[in-house]
Amino acid sequence: MLRQITLLLCLAASSLGDTPANCLYEDIRGTWTFLETERLGDNTINCDELGPVVHTKTLTLSFPNTATDELGNAGTWTLIYNQGFEVNINERSYFAFSYYEGDWLSSTSYCDRTFNGWSRDKTVRNWSCFSAQKNNMTTPRVTHKLRETLPKRPFKNDHKMIDEINSSQSSWRAKAYPQHERYTMEEMQKRAGSPGSTLLSPPKPKPATQEEKARVVSLPKNFDWRDVEGVNYVSDVRDQGKCGSCYTFASAGMMESRLRIVTHNQRQDVFSTQDVVSCSMLSQGCIGGFIYLIAGRYAQDQGMVAEECNPYVGQDESCDTDMSCARTYVSEYHYLGGYFGACNEESMLQALVEHGPIAVAYFVYDDFYNYEGGVYHHTGLKNEFNPLEAMNHAVLLVGYGVDANTGEKFWTVKNSWGADWGEEGYFRIRRGTNECSIESAAFESTVIP
């Protein structure tokens, strides 16, 4: 599908990541009126203009994730960070971004309405456009960015901070990476994700039930999909470069691994991240996006193509994917626990071992850029040369264990900063304490081989 240029310009102009929308759970919960067009489209439908309204529906979105219509039929819904929401009811799926005006320097979110969104049935047919208006108005949410656009000057390693990290604790080691200094401060920040969801206080992990705790008791103490009885099911580490496309690499990496698992490594596809950057109407290209919308909705609606169908260049370009290429789809997708805010360590452990690597997001702080090895935790130290904001970064969780030296529980995570960073492109991070919010919103989807 060709990217909806007009819509994306509306959503992303002058922004530094994702969209400036900042809509919280209580803003969205309530009763909405959905205005929907005729259901005659396909997955190339253009929803820049809504068109004649044929279907009007009243949907109530209730705690924690129940959606009901005016006839009493029930479905589900979930917030997608602070960017929008998805509703699944009556065998149809609806998604729209929340409405805002302005840009990243100053914006006003009108969380009681949406931009035009997309609807289709469960078979990914019979597409339509829709817009939604909440029946009760919410107070507009005004957001001011703390700083202006980052300077274009080169990023500099802070050797004093690195020394302080290594002298203040023994869980992990830091070092200077000369290759980081070829990037500007703005480009380094893009490598770490986007500030979009930093405006949203991440949900705390949902307390585990006794049933969840019982299910993970029998799991192994250490587990890693790179070595399951001597077999590796994880694709190679890649480098996203200066593009803020971590969400595409985490999404593709999860699908690649799960495809290898279900086919016993008979299929070892590497999916095109550039196709997502350039062609997806559900992302903002090199300035951000969300795993849920790519490894979930985009992979189900449009499918993922092989790397050679649109090789990665790491910058925003017009869609140039070979449309004759075969596509790989997912049949189901969800936040662990069923909705945004229902995740915890136990659900992550079970999903990881039983289904394969899972995609996660977490906050990148100044000290993380210099991670060399060990079990990471945020030290609170800041880079005096580069006062960067905390960014929400997307990565792939492939294993877990207990450090033999420190006894710390950890997650093993695949990054997208190249194999010469960290532990051959991977890092370990404290497990069970929601370190940097890594246990707040894990995601998985089911790949169709």
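Owing to the predicted nature of the structure, the values given are computational and were not obtained by experimental measurement. We use all heavy atoms of the structure for the numbers below, so side chains are in, but hydrogens, waters and symmetry mates are not.
- With E423 contributing its side chain and G374 its backbone, the two residues share a donor-acceptor pair below 3.5 Å.
- The residues K213 and E345 are annotated as not salt-bridged, no charged nitrogen and carboxylate oxygen being separated by less than 4.0 angstrom.
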Derivation of the salt bridge (charged side-chain N to carboxylate O under 4.0 Å, His left out) call for R258 and E444: CA-CA 10 Å; R258 291 190 168 209; E444 67 173 342; 2.9 Å; yes

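- The two residues P449 and T263 make their nearest non-hydrogen contact at CB-CG2, 3.8 Å.
- Between the side chain of N90 and the backbone N or O of R92 there is no donor-acceptor pair closer than 3.5 Å.
- Aromatic pair Y25/W77: ring centres closer than 6.0 Å.
- Between V395 and V360, the closest side-chain pair of non-hydrogen atoms falls below 4.5 Å.
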Test log, rule side-chain hydrogen bond (donor to acceptor under 3.5 Å, both in side chains), inputs S278 and E317: CA-CA 6 Å; S278 298; E317 292 188 345; 5.5 Å; no

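- A donor-acceptor contact under 3.5 angstrom links the side chains of N415 and H393, judged on distance only.
- Looking at Q300 and S331, their side chains never bring a donor and an acceptor atom within 3.5 Å of each other.
- A heavy-atom distance below 4.5 Å is not found between the side chains of W225 and V353.
- Within the 4.5 Å cutoff, side-chain heavy atoms of F95 are placed close to those of L282.
- W421 and F427 have perpendicular rings, their planes meeting at more than 60° on a 0 to 90° scale where under 30° would count as parallel.
- Ring centroid separation for the pair F290 and Y247 does not come in under the 6.0 Å cut-off.
- Atom CZ of R125 has 12 or fewer neighbouring heavy atoms from other residues, nucleotides or ligands inside a 6.0 Å radius.
- Judged purely by distance below 3.5 Å, without hydrogens or angles, the side chains of N157 and H180 never pair a donor atom with an acceptor atom.
- Outside the 6.0 Å centre-distance limit, the rings of Y339 and F63 are not counted as a close aromatic pair.
- To the nearest 0.5 Å, atoms CD (E212) and CG (N344) are separated by 4.5 Å.
- More than 12 heavy atoms of other shown residues, nucleotides or ligands fall within 6.0 angstrom of atom NZ in K409.
- Looking at heavy atoms from C-beta onward, Y426 lies out of side-chain contact with L396 at the 4.5 angstrom threshold.
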Test side-chain hydrogen bond (donor to acceptor under 3.5 Å, both in side chains) applied to S98 and R113, step by step: CA-CA 6 Å; S98 294; R113 71 190 80 163; over 6 Å; no

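- Across G338 and A342, no two heavy atoms sit closer than the pair N-CB, 4.5 Å.
- Across all their heavy atoms, R215 and L219 have their closest contact at O-CG, 4.3 Å.
- Relative ring orientation between F223 and Y400 is described as parallel, the plane-to-plane angle staying below 30° on a 0-90° scale split at 30° and 60°.
- Using a 4.5 Å cut-off on side-chain heavy atoms (C-beta onward), Y298 and C279 make contact.
- Under the 3.5 Å distance criterion, the side-chain polar atoms of K414 are matched with a main-chain donor or acceptor of D236.
- Under a cutoff of 6.0 Å and an axis angle of 45°, R120 and Y94 do not form a cation-pi pair.
- For W32 and F85, the distance between ring centers is under 6.0 angstrom.
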Steps toward side-chain hydrogen bond (donor to acceptor under 3.5 Å, both in side chains) verdict (N88, S93): CA-CA 4 Å; N88 292 282; S93 182; 2.8 Å; yes

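- Between the side chains of E86 and Y292, a donor-acceptor pair is found at a separation under 3.5 Å.
- Residues I45 and W118 are in side-chain contact: their nearest non-hydrogen atoms beyond the backbone lie under 4.5 Å apart.
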Intermediate values then yes/no, salt bridge (charged side-chain N to carboxylate O under 4.0 Å, His left out), D403 and R431: CA-CA 11 Å; D403 187 87; R431 170 168 60 93; over 6 Å; no

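- Taking CG from D121 and OG from S128, the interatomic distance works out to 9.5 Å, rounded to the nearest 0.5 Å.
- When only modelled atom types and interatomic distance are considered, S416 and R238 share no side-chain donor-acceptor pair under 3.5 Å.
- Looking at heavy atoms from C-beta onward, T379 lies in side-chain contact with Q169 at the 4.5 angstrom threshold.
- Cation-pi contact between R260 and Y233: absent, since separation from the ring centre below 6.0 Å together with deviation from the ring axis within 45° is not met.
- Side-chain contact check for N232 and D227: no donor-acceptor pair (N or O, by modelled atom type) lies under 3.5 Å.
- A distance below 6.0 Å separates the ring centres of W417 and F368.
- In this structure, T114 contributes its side chain and A132 its backbone to a donor-acceptor pair below 3.5 Å.
- Residues R430 and F410 have side chains not in contact (no heavy-atom distance under 4.5 Å, counting atoms from C-beta outward).
- Residues A299 and M304 come closest through the heavy atom pair CB-CG, 4.3 Å.
- Side-chain contact check for R39 and S119: no donor-acceptor pair (N or O, by modelled atom type) lies under 3.5 Å.
- Interatomic distance, N46 CG to M281 CE, rounded to the nearest 0.5 Å: 9.0 Å.
- Under a 3.5 Å cut-off, the side chain of N116 and the backbone N or O of C47 do form a donor-acceptor pair.
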Test log, rule side-chain hydrogen bond (donor to acceptor under 3.5 Å, both in side chains), inputs T321 and N310: CA-CA 5 Å; T321 296; N310 193 345; 2.9 Å; yes

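- Y371 approaches R428 most closely through the heavy-atom pair OH-N, 3.2 Å.
- Checked against the 6.0 Å centroid criterion, the rings of F130 and F34 qualify as a close aromatic pair.
- Although no hydrogens or angles enter the test, the distance criterion places a donor-acceptor pair under 3.5 Å between the side chain of D27 and the main chain of L24.
- Side-chain rings of Y333 and Y335 stay apart, their centers remaining 6.0 Å or farther from each other.
- In this structure, SG in C343 is found 9.5 Å from NE2 in H334, a value given to the nearest 0.5 Å.
- Although no hydrogens or angles enter the test, the distance criterion places no donor-acceptor pair under 3.5 Å between the side chain of S257 and the main chain of P357.
- A donor and an acceptor atom, one from each side chain of S272 and Q274, are nowhere located under 3.5 Å apart.
- Under the 3.5 Å distance criterion, the side-chain polar atoms of D269 are left unmatched by any main-chain donor or acceptor of E256.
- Counting only N and O atoms by type, the side chains of Q83 and T19 include a donor and acceptor under 3.5 Å apart.
- Side-chain contact check for Y312 and D275: no donor-acceptor pair (N or O, by modelled atom type) lies under 3.5 Å.
- Within a 6.0 Å radius of CD in E181, more than 12 heavy atoms belonging to other residues, nucleotides or ligands are found.
- Of all heavy-atom pairs spanning A359 and A250, the tightest one is CB-O, 4.3 Å.
- Expressed to the nearest 0.5 Å, how far NZ of K175 lies from CD1 of I162 amounts to 10.0 Å.
- Between the side chain of R191 and the backbone N or O of G244 there is no donor-acceptor pair closer than 3.5 Å.
- Side-chain atoms of N82 do not come within 3.5 Å of backbone N or O of C23 as any donor-acceptor pair.
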